[in-house]
Number of protein chains: 2
Amino acid sequence: MDEAADRTLPARNGRAARVTIHDVARASEVSIATASKALSGQGRMAVATRERVKEVAKALSFRPNAIARALLKQRSFTIGLLTDDTYGRFTLPVMAGISEALVDRGVSVFLCSVERDSAVGQSHVDAMLEKQVDGIIASGKRLDRRLSVDLSVVDVPVVYAYCEGPEGSIGFVSDDRAGACLAVERLMALGRRRIAHVTGPADFAVVPQRARGFAEALARAGLRPFTEHPMVGDWSEAWGFAAAERLLADPAGRPDAVFCGNDQIARGLIDALTLRGVAVPGDIAVVGFDNWEIFAAATRPPLTTVDMNLKDLGRHAGLTLLDLVEGRPVPPGVRALPCRLVVRRSCG
Amino acid sequence: MDEAADRTLPARNGRAARVTIHDVARASEVSIATASKALSGQGRMAVATRERVKEVAKALSFRPNAIARALLKQRSFTIGLLTDDTYGRFTLPVMAGISEALVDRGVSVFLCSVERDSAVGQSHVDAMLEKQVDGIIASGKRLDRRLSVDLSVVDVPVVYAYCEGPEGSIGFVSDDRAGACLAVERLMALGRRRIAHVTGPADFAVVPQRARGFAEALARAGLRPFTEHPMVGDWSEAWGFAAAERLLADPAGRPDAVFCGNDQIARGLIDALTLRGVAVPGDIAVVGFDNWEIFAAATRPPLTTVDMNLKDLGRHAGLTLLDLVEGRPVPPGVRALPCRLVVRRSCG
DNA sequence: TCAGTTTGGGAAAACGTTTTCGCAGCCGGT
DNA sequence: ACCGGCTGCGAAAACGTTTTCCCAAACTGA
């Protein structure tokens, strides 16, 4: 054991040489085969031997080299995460979920942002493949847009999380239609009947989805939307503000609730209502969508809103990729995962 | 060549077997040694041979196995990025900078969020070390806080980016004092003389730093702050709003400019001023800090603010880590990198 | 023709693991 | 005494590279 202990000869330009399983074997006076089996719990051997090896390994603070193992097993326990969401609003929770699901399986995650330039994106993908990632997760900021790189030809499994994938791929998205139902049902349960929908640009896939959930929930209750069509604008506070003024100016009367397409719109809308002396939720209840804390928790009153469970979505994507990597069959198609209503005070 | 071309026998549970340098060598009718040298540009050989090997490699779409190379060279071309900034406000730009600086050097980045629980953080670090990262960058959401994991004992180089490190370590932070000077100098250049400072909690290191820059810039111009001490509150819009009302209520008169400790405060302050009929920037000019686009671009008028150049900070951290990894000497200490004033309309 | 030099290319070791196979030694049963 | 089976452990191959020699063959000059 002392023989190995003083083997801290400098190497690797100044840093201590790594301690390998050879060192452990030598110090335990067994072969490397036995050392390996002792540490991995495989193989037959005297329990005394196994314990001795384990103790020596700990004493030397042996850390197995995952690179060597990866080379042998053809499996790197590493995946790549691609995203075009520089801002991180959507990708970060997804990433957290992936990471959480995979870390205790020993899988690490390479993160790359691909932006719009597909050349640098492709070089990122190449780097990942050279590093022998076991699989790739593609993620984005819009679930109706593809990434700028083509992943259909890579020879490792790919899953798409909050991002459009090619035909026949495996994807996870949030079920925005059902999420919208949740919101509207809540409003109706609180006795609201004249419910308006103020939302974002119609070319975002989520806009018709949320609108459909809104319409369906109302229809099931035998109600009609307050305005015949959802009021579409952009995703800004300014639009929410303007929409509120339009609603208040309507001679046909006021809604008693508004379901907003996202939290920024809700924020602007609430600001406008408050400014006009309309009580929220007293006169008009408001529900948002996204649960973007920085907005939802800062509005007065705090905003009831739909959370897309992005972390959960990430967990599912991670576990599914693992299934694929380990050869378990996964049917193709995109799964819509449920949203969750976060109740705060803006809905009464 | 056909001999190798039909060697696409299935392996790796269903997926095509990887093409290795052996395949390239066989198809080019050279040894693997020659193939390696041909592809890497090393060694002497007939130019015809080199070209032939290269063409065959391209035809087979050969991708060198970075794992094998890493094992041999004792260098994985991989680094770990640790962060406790789940929200990503600070880490994401830093990450983008790191990535940008390192990708064309062939270095990939493992991202891990460590949160507060140091046990899972430690397991992340262990996973990284087992995967033989060449170095680690620690990053956070507050430059006066340490990460929950101890990196002083790991045997790879570590640099700290927007995060406190142990004594004698290498770190990068933004020069908030100088950034504050920039802001105040701008206001003075525009003729403002009665400048107030509304900022966040004093236990954030950035608060005294920004306050010092504020005070110094004024002193250099022979001016005195509008209030004797900076007005401290929390980092919220609500505090900005309240501060505005306090300033307007002051019988001693109004300031003609306010330098805010962050963009949220600025946002609330502008809202309050506008509500009171005070023109921004006509009556009172406002400058923020952070350049958090979602706030800075959404205020009316758009907010002039100090950008911390976090992406640049990330680039520096990445390149410095690379220096360390490759054995180039780097003096210890923390470097304060300059901020940049982003001029929009709120300062006139 | 011969010695010396250059040129083109290959054999083999090395990196740190895991795993298969086999070999001693021992025990129990006949 | 001999055979079969079990136990404990080790030798060696394998993963895909890079790099260090080394060796032929070709060429050079006299």
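By convention in this document, chain letters (A, B, ...) are assigned in the order of the sequence lines, proteins followed by strands, and residues within each chain are numbered from 1. Side-chain atoms are counted along with the backbone in the values below, which use heavy atoms only and exclude waters and symmetry mates.
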message: Return the CG to CD1 distance between A:L321 and A:I137, rounded to the nearest 0.5 Å.
response: 5.0 Å

- prompt: Ignoring hydrogens and angles, are the base of D:dG10 and the side chain of A:K37 linked by a donor-acceptor pair under 3.5 Å?
  reply: yes

task: Using only side-chain N and O atoms of B:Q74, determine if any of them is under 4.0 Å from OP1 or OP2 of C:dG16.
output: yes

task: Would you mind classifying the nucleic acid contact of B:K73 as base, sugar-phosphate or nothing, using non-hydrogen atoms under 4.0 angstrom?
output: sugar-phosphate

query: Rounded to whole angstrom units, what separation is found between the CD1 atom of B:I32 and the P atom of D:dG16?
result: 11 Å

query: In whole angstroms, how far is the P atom of C:dT19 from the CG atom of A:L39?
result: 13 Å

query: Within less than 4.0 Å of OP1 or OP2 of D:dG16, is there a side-chain N or O belonging to B:T20?
result: no

task: Looking at every strand, decide which applies to A:T49 at a 4.0 Å heavy-atom threshold: base, sugar-phosphate, or nothing.
output: sugar-phosphate

query: Atom CE of A:M45 and atom P of D:dG10: how far apart are they, to the nearest Å?
result: 9 Å

message: Contact between B:L151 and B:L82 at the side-chain level, heavy atoms closer than 4.5 Å - yes or no?
response: yes

- prompt: Looking for any heavy atom pair under 4.0 Å, which part of the strands does A:A46 touch: base, sugar-phosphate only, or nothing?
  reply: sugar-phosphate

message: Would you say that A:V103 contacts A:V107 through its side chain, given a criterion of any heavy-atom pair below 4.5 Å between the two side chains?
response: no

- line: Per nearest nucleotide of DNA chain D, the residue lying toward the 5' end, B:F62 or A:A33, is A:A33

- line: When rounded to whole Å, the CZ to C1' distance for the pair B:R52 and C:dG8 reads 12 Å

message: Let's see if you can work this out: which of D:dC21, C:dT18, D:dA11 has an atom nearest to the side-chain heavy atoms of A:S36?
response: C:dT18

task: Looking only at side-chain atoms of B:L72, point me to the closest of C:dT17, D:dA11, D:dG16.
output: D:dG16

query: Rounded to whole angstrom units, what separation is found between the CG atom of B:L71 and the C1' atom of C:dA14?
result: 9 Å

- prompt: Could B:R63 and A:D126 be called an ion pair, given the rule that one side-chain N must be under 4.0 Å from one carboxylate O?
  reply: yes

message: B:E100 and salt bridge (charged side-chain N to carboxylate O under 4.0 Å, His left out): which single residue from B:R105, B:K311, B:R315 fits?
response: B:K311

query: D:dT17, C:dT19, C:dT17: which one has an atom nearest the side-chain heavy atoms of B:I21?
result: D:dT17

- line: Taking D:dG10, C:dG16, D:dG8 as options, the one with an atom nearest any side-chain atom of A:R44 is D:dG8

- line: Assert: residue with more 5' nearest nucleotide on DNA chain D, out of B:S40 and A:A68, is A:A68

statement: note: A:N65, atom CG; C:dG16, atom C1'; distance rounded to Å ~ 6 Å

- prompt: Under 4.0 angstrom, heavy atoms only, what part of the nucleic acid is B:R69 near: base, sugar-phosphate, or nothing?
  reply: sugar-phosphate

message: Just the rounded figure in Å: distance from P of C:dT20 to CD of A:Q42.
response: 9 Å

message: Strictly below 4.0 Å: does A:S31 bring a side-chain N or O up to OP1 or OP2 of D:dC9?
response: no

field: Rounded distance (Å) that lies between atom P of D:dT17 and atom NE2 of B:H22
entry: 8 Å

- prompt: Would you say B:S99's side chain and B:A96's backbone share a donor-acceptor pair under 3.5 angstrom?
  reply: no

field: 5' priority, DNA chain C, between A:P64 and B:V47 [closest heavy atom]
entry: B:V47

